[in-house]
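Letters A, B, ... are given to chains in the order of the sequence lines, protein chains preceding strands, and every chain is numbered from 1. What you see is a predicted model; the values in this text were computed from it and never measured. Worth knowing before you read on, the calculation uses all heavy atoms, side chains too, and leaves out hydrogens, waters and symmetry mates.
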There are 2 protein chains.
Amino acid sequence: MTPDPGRRIPEATVARLPLYYRVLLESAEARVSTISSDRLAEMAGVNAAKVRKDLSYLGSFGTRGVGYDVDYLLHEIARELGLTQDWPCVIVGVGNLGAALANYRGFGARGFRVVALVDADPAKVGQTVADLRVEAFAELGTVCARERIAIGIIATPAGAAQDAADGLVGAGVRSVLNFASGVLSVPDDVSVRKVDLATELQILGFYQLRGANTALNTSRPA
Amino acid sequence: MTPDPGRRIPEATVARLPLYYRVLLESAEARVSTISSDRLAEMAGVNAAKVRKDLSYLGSFGTRGVGYDVDYLLHEIARELGLTQDWPCVIVGVGNLGAALANYRGFGARGFRVVALVDADPAKVGQTVADLRVEAFAELGTVCARERIAIGIIATPAGAAQDAADGLVGAGVRSVLNFASGVLSVPDDVSVRKVDLATELQILGFYQLRGANTALNTSRPA
DNA sequence: CTGACTTCGAGAAAACGATCACAAGCTCGG
DNA sequence: CCGAGCTTGTGATCGTTTTCTCGAAGTCAG
């Protein structure tokens, strides 16, 4: 047992931390200073025991008989998720989706800022989208180094996604968010998360055929 | 319609079916007529035992010593996911994201067609986006009935998401794909899947802080 | 037809995650 | 200071998912 230093947090818990964070933000804005696991669970749409178990992986932040201090908990979760830091992002592929992502407000909400755009289409290079100049895909390495890119966002057509991923990995990027369909192959030390519209719709299709219901959560581990 | 008698398919498996479907489509296009669980697993980025277990929930479609017939398997998965049917979708909220989704090709890939757009902003109503006329949010009920909407896609700001959901549910829609952040509350018989950029980035942030890696899959049950 | 080889299907075990249940620890009124 | 009333933190339990393993069932060369 490694109680403190090697504190391993289960994937399922990590996937829920952003949810708790959002709920706590709402509470903080409503001038709530203390919140119970019960209330937090209700607002997050999960079960209270799960909330307590999840938070206990971060440490013992609650006060028995009282609940959790909202501000303190916010701070702790933010620290755990790295929201206290700045993560410069690059979007690869400035089509419909890429442009929409670049313009998306509340995106850079906490620490995540889109600082560069890259596209393989020479016609797009030089254009300005969301106050950023689109640069050539060939410059990806240079751009990543210059901007100290931490996260690459792939918004290319499916066919170009692997090239995009290879470029990012080659440029030293170790976290990738992939909006293109299809599977990316990357080295073991690179994290990839996939967001796929078609997949989600197909899952809905399955449950629509049956009578059942799905959970409210899409933040699944893998 | 009776989906099938006792066969219950685990959520985790359902979430992977779209992945297998895509991989099989690629194989079919490459004129591959038969595929082993090993090869399929490699292409999908999962483990072979998992592939076999998953497919076994659908039935015994493989041939020992040979593998699976690509076309047959495609057909069976398509049937299970309801891809053989037509699912008319409405997008609620035609901002940056909503418009990008409406224009997204390969979206309506198999059976999922965006047939209506709705927005609460009077200035947007009447505009044409992706060959569709934007209609008033107040007309949502009428629109859903007229177009026999099966799936509602919420692309509104966070503050309007619950209203959008209520409107959809009130109009009889039982499957919702939510791009807005925050938790939706809906009746038990309604399926909701959430796609949240901020959540995904925050999860990447967590693993970036540590040295670890995440799985390639984002299609998590709940 | 036979034997070597391949691959599926499924039972069993292991890992993981969700939930239960309750002792421990806190606050507050009197 | 004490006892009643909350709420956390966590060991125990249960269900789900993943992985392991191997017999069964097929192909194919000769």
Side-chain angles (χ1 to χ4, degrees), chain A residues 1-4 7-17 19-20 24 27 32-70 72-73 76 203 212 214-217 219-222, chain B residues 6-17 19-20 24 27 32-70 72-73 76 203 212 214-222:
Chain A
M1 288 281 249
T2 36
D4 267 23
R7 253 181 8 198
R8 180 190 153 278
I9 302 181
E11 290 230 358
T13 294
V14 172
R16 277 187 299 267
L17 291 180
L19 177 60
Y20 300 146
L24 288 167
S27 297
V32 174
S33 64
T34 276
I35 192 168
S36 69
S37 60
D38 239 320
R39 176 81 181 116
L40 183 44
E42 186 194 329
M43 292 178 73
V46 303
N47 154 317
K50 186 148 46 179
V51 169
R52 290 201 296 276
K53 187 65 103 181
D54 284 343
L55 296 182
S56 78
Y57 288 116
L58 308 187
S60 286
F61 299 145
T63 308
R64 299 175 186 215
V66 178
Y68 300 89
D69 183 274
V70 173
Y72 185 58
L73 198 48
E76 286 302 320
I203 293 172
T214 321
L216 286 133
N217 193 341
S219 316
R220 71 252 122 100
Chain B
R7 250 177 16 191
R8 179 187 151 278
I9 303 182
E11 292 229 358
T13 294
V14 172
R16 278 187 298 268
L17 291 180
L19 177 60
Y20 299 147
L24 288 167
S27 297
V32 174
S33 64
T34 275
I35 192 169
S36 69
S37 59
D38 238 320
R39 177 78 181 120
L40 183 44
E42 187 194 330
M43 293 178 73
V46 303
N47 157 315
K50 187 148 44 179
V51 169
R52 289 202 295 277
K53 188 62 94 189
D54 284 342
L55 296 182
S56 77
Y57 289 116
L58 308 187
S60 286
F61 299 145
T63 307
R64 299 175 187 211
V66 179
Y68 300 89
D69 183 274
V70 173
Y72 186 58
L73 198 48
E76 286 301 321
I203 294 172
T214 322
L216 287 131
N217 194 339
T218 307
S219 316
R220 73 232 122 105

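The shortest distance between the side-chain N/O atoms of B:Arg16 and the OP1/OP2 oxygens of D:dT18 is below 4.0 Å. Contact between the side-chain N/O atoms of A:Asn47 and the OP1/OP2 oxygens of C:dA18 is not found at any separation under 4.0 Å. Distances shown here put a side-chain N or O of B:Lys50 below 4.0 Å from the OP1 or OP2 atom of D:dT19. Residue A:Tyr68 places none of its side-chain N or O atoms closer than 4.0 Å to OP1 or OP2 of D:dC6.
Atom CD1 in B:Ile9 sits roughly 15 Å away from atom C1' in D:dT16 (whole-Å rounding). For the pair B:Asp69 CG and C:dT7 P, the computed distance is 15 Å after rounding to whole Å. As rounded to whole Å, 13 Å separates atom C1' of D:dT7 from atom CG of A:Leu40. Note: CZ (A:Arg39) to P (D:dT7) measures 13 Å, nearest angstrom. Atom C1' of nucleotide D:dT7 and atom CD of A:Glu42 are separated by 16 Å, given to the nearest angstrom. What separates CG of A:Asp38 from P of D:dG5 is a distance of 18 Å, to the nearest Å. Computed from coordinates, the B:Tyr57 OH to C:dA10 C1' distance equals 10 Å when rounded to whole Å. What separates CG of B:Asp54 from C1' of D:dT16 is a distance of 13 Å, to the nearest Å.
Atom CD in B:Glu76 sits 12.0 Å away from atom CG in B:Leu24 (nearest 0.5 Å). Atoms OG1 and CG, from B:Thr13 and B:Leu58 in turn, are 8.0 Å apart once rounded to the nearest 0.5 Å. Atom OG of B:Ser60 and atom OH of B:Tyr68 lie 8.5 Å apart (nearest 0.5 Å). Rounding to the nearest 0.5 Å places CG of B:Leu55 at 6.5 Å from OH of B:Tyr20.
The side chain of B:Arg8 approaches D:dT17 more closely than any other nucleotide in the set D:dT17, D:dT27, D:dG9. Residue A:Thr63 has its side chain nearest to C:dC26 when only C:dA18, C:dC26, D:dG9 are considered. Side-chain proximity of B:Lys53 to the nucleotides D:dG26, C:dG11, D:dT27 is greatest for C:dG11. Candidate nucleotides D:dT17, D:dT8, C:dA10 were compared by shortest atom distance to the side chain of A:Arg64, and D:dT8 ranks first.
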Q) Between A:Arg39 and A:Val32, does a side chain to side chain contact (heavy atoms under 4.5 Å, CB included) hold up when you go through it step by step? A) CA-CA 11 Å; A:Arg39 176 81 181 116; A:Val32 174; over 6 Å; no
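If you find the closest nucleotide of DNA chain C to B:Ser37 and to A:Ala49, the one lying nearer the 5' end belongs to B:Ser37. Across the interface with DNA chain D, nearest-nucleotide mapping of B:Arg52 and A:Arg52 shows A:Arg52 to be the residue nearer the 5′ end.
Residue pairs meeting the salt bridge (charged side-chain N to carboxylate O under 4.0 Å, His left out) criterion with at least one partner in residues 52-66 of chain B, sequence neighbours excluded, are B:Arg16-B:Asp54.
Within 4.0 Å (heavy atoms only), B:Phe61 reaches sugar-phosphate atoms of the nucleic acid but no base atom.
Not counting sequence neighbours, B:Tyr57 has no partner by the ring-ring contact (aromatic ring centres under 6.0 Å, His included) test.
Listed here is the closest heavy atom pair of B:Leu19 and B:Ala44: CD2-O, 3.6 Å.
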Q) Based on Watson-Crick and G-U pairs with both distances under 3.5 Å, what dot-bracket line describes DNA chain C 5' to 3', crossing pairs as [ ] and inter-strand pairs as |? A) ||||||||||||||||||||||||||||||
